[in-house]
Enquirer: 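Handing you this structure, nothing more for now.
This structure is a prediction, so every number in the text was calculated from the model and none was measured.
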Amino acid sequence: QVQLEESGGNLVQSGGSLRLSCTASGFSLDLYAIGWFRQAPGKEREGVSCITSNDGNANYADSVKGRFTISRDNVKNTVTLQMNNLKPKDTAVYYCAKAWGCGYFTGHPSETADFDSWGQGTQVTVSS
């Protein structure tokens, strides 16, 4: 069964850090690009970051550039999102999903249509 599972979400103070993990089962992660997305209450799901399968090229939404770092470990079948200098506006449920490529990744909500095998999500809450 193809499955992605997110973990690492928590409550953190503004300026703090969290490390999210996306672990794959039922398929080989190295064949796919992996994207991180988030959805805040009452808002559309938006892209945060995407990492390609072949060269590990990283793409970021403007809102997280310089604060978040995506990486992958194909041996462990895991993609990690390191989030630093967190802000209250980063509060959301974070999801990971797979695609054949990152394309021209900007984080626009329409880009969610290119991804599949969504995990259940992990809650990130940043207090002010």
Enquirer: Please examine the side chains of E5 and C22, heavy atoms only from C-beta on, and report whether any two atoms are closer than 4.5 Å.
Expert: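 Sidechains of E5 and C22: no contact.
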
Enquirer: Please enumerate all residues that pass salt bridge (charged side-chain N to carboxylate O under 4.0 Å, His left out) together with K65, with sequence neighbours excluded.
Expert: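 Checked K65 against salt bridge (charged side-chain N to carboxylate O under 4.0 Å, His left out); matches are D62.
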
Enquirer: Can you check whether S17 reaches N84 side chain to side chain, under 4.5 Å on heavy atoms?
Expert: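 Yes, at least one pair of side-chain atoms sits under 4.5 Å.
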
Enquirer: State yes or no: do W118 and L81 share one hydrophobic cluster built from I, L, V, M, F, W and Y residues joined by side-chain heavy-atom distances below 4.5 Å, directly or via other members?
Expert: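 Shared cluster, no.
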
Enquirer: Keeping R72 on the side-chain end and T52 on the backbone end, is there a donor-acceptor pair under 3.5 Å?
Expert: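 Checking the backbone N and O of T52 against the side chain of R72, a donor-acceptor pair under 3.5 Å is found.
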
Enquirer: Are T122 and L20 close enough, and set up right, to give a side-chain contact (heavy atoms from CB on, under 4.5 Å), and what steps lead you there?
Expert: CA-CA 8 Å; T122 186; L20 304 184; 4.1 Å; yes

Enquirer: With no hydrogens and no angle check, just 3.5 Å: does a side-chain donor-acceptor pair link Q123 and T125?
Expert: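 Indeed, the side chains of Q123 and T125 share at least one donor-acceptor pair under 3.5 Å.
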
Enquirer: So, does N59 use its side chain to make a donor-acceptor pair with the main chain of C50 at under 3.5 Å?
Expert: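 Yes; judged by distance alone, with no hydrogens or angles, the pair exists.
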
Enquirer: Could you measure the distance from the OG1 atom of T23 to the CG atom of D73? Nearest 0.5 Å is fine.
Expert: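 Answer rounded to 0.5 Å: 10.0 Å.
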
Enquirer: Listed by chain and number, what are the side chain to side chain contact (heavy atoms under 4.5 Å, CB included) partners of D90, not counting sequence neighbours?
Expert: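 Partners of D90 under the side chain to side chain contact (heavy atoms under 4.5 Å, CB included) test: R38, R67, F68, L86, K87, Y94, V126.
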
Enquirer: Answer yes if the side chains of H108 and T106 hold a donor-acceptor pair under 3.5 Å, and no otherwise.
Expert: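 Not at all, the side chains of H108 and T106 share no donor-acceptor pair under 3.5 Å.
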
Enquirer: When rounded to the nearest 0.5 angstrom, what distance separates CG in L29 from OG in S53?
Expert: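 The CG atom of L29 sits 9.5 Å away from the OG atom of S53.
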
Enquirer: With the side chain counted from C-beta on, respond yes when V124 and T91 share a heavy-atom pair under 4.5 Å apart, and no when they do not.
Expert: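 Contact flag for V124/T91 side chains = no.
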
Enquirer: For a 4.5 angstrom cut-off between non-hydrogen side-chain atoms, does N57 reach I51?
Expert: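 Sidechains of I51 and N57: no contact.
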
Enquirer: For the hydrophobic clusters of this structure (ILVMFWY residues joined by side-chain heavy atoms under 4.5 Å, transitively), does one cluster hold both V79 and V75?
Expert: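 No; V75 is not reachable from V79 via cluster members.
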
Enquirer: What about V64 and V12, same hydrophobic cluster or not, with Ile/Leu/Val/Met/Phe/Trp/Tyr joined at side-chain heavy-atom distances under 4.5 Å?
Expert: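 Yes, it is one cluster - the side chains of V64 and V12 are joined through contacts under 4.5 Å.
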
Enquirer: Would you say the side-chain atoms of T78 pair up with the backbone N or O of K76, donor to acceptor, closer than 3.5 Å?
Expert: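 At least one qualifying donor-acceptor pair exists.
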
Enquirer: Taking the side chain from N77 and the backbone from F27, do they hold a donor-acceptor pair closer than 3.5 Å?
Expert: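 Yes: the side chain of N77 pairs with the backbone of F27.
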
Enquirer: Does D116 have any salt bridge (charged side-chain N to carboxylate O under 4.0 Å, His left out) partners at least two apart in sequence or in another chain, and if so, which?
Expert: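 Applying salt bridge (charged side-chain N to carboxylate O under 4.0 Å, His left out) to D116 gives K98.
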
Enquirer: Could you grab the distance from atom CD1 of I70 to atom CE of M83, nearest 0.5 Å is fine?
Expert: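 If we round to the nearest 0.5 Å, I70:CD1 and M83:CE are 11.5 Å apart.
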
Enquirer: Looking at every non-hydrogen atom in both residues, tell me the closest pair between A99 and D114 and how far apart they are.
Expert: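 For A99 versus D114, the nearest heavy atoms are CB-O, 3.4 Å.
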
Enquirer: Scan F37, W100, W36, Y95 and name whichever one has a ring pair (Phe, Tyr, Trp, His ring centres under 6.0 Å) with F115.
Expert: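 Single pass found, and it is F37.
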
Enquirer: For F105 and E111, which heavy atoms make the closest approach, and how far apart are they?
Expert: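 Taking every non-hydrogen atom into account, CD1-OE1, 3.6 Å.
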
Enquirer: Do S127 and S14 come close enough that some side-chain heavy atom pair is under 4.5 Å?
Expert: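 With C-beta onward as the side chain, the pair stays apart.
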
Enquirer: In Å, rounded to the nearest 0.5 Å, how long is the span from CD of Q120 to SG of C96?
Expert: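 Nearest 0.5 Å value for the CD-SG distance: 10.5 Å.
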
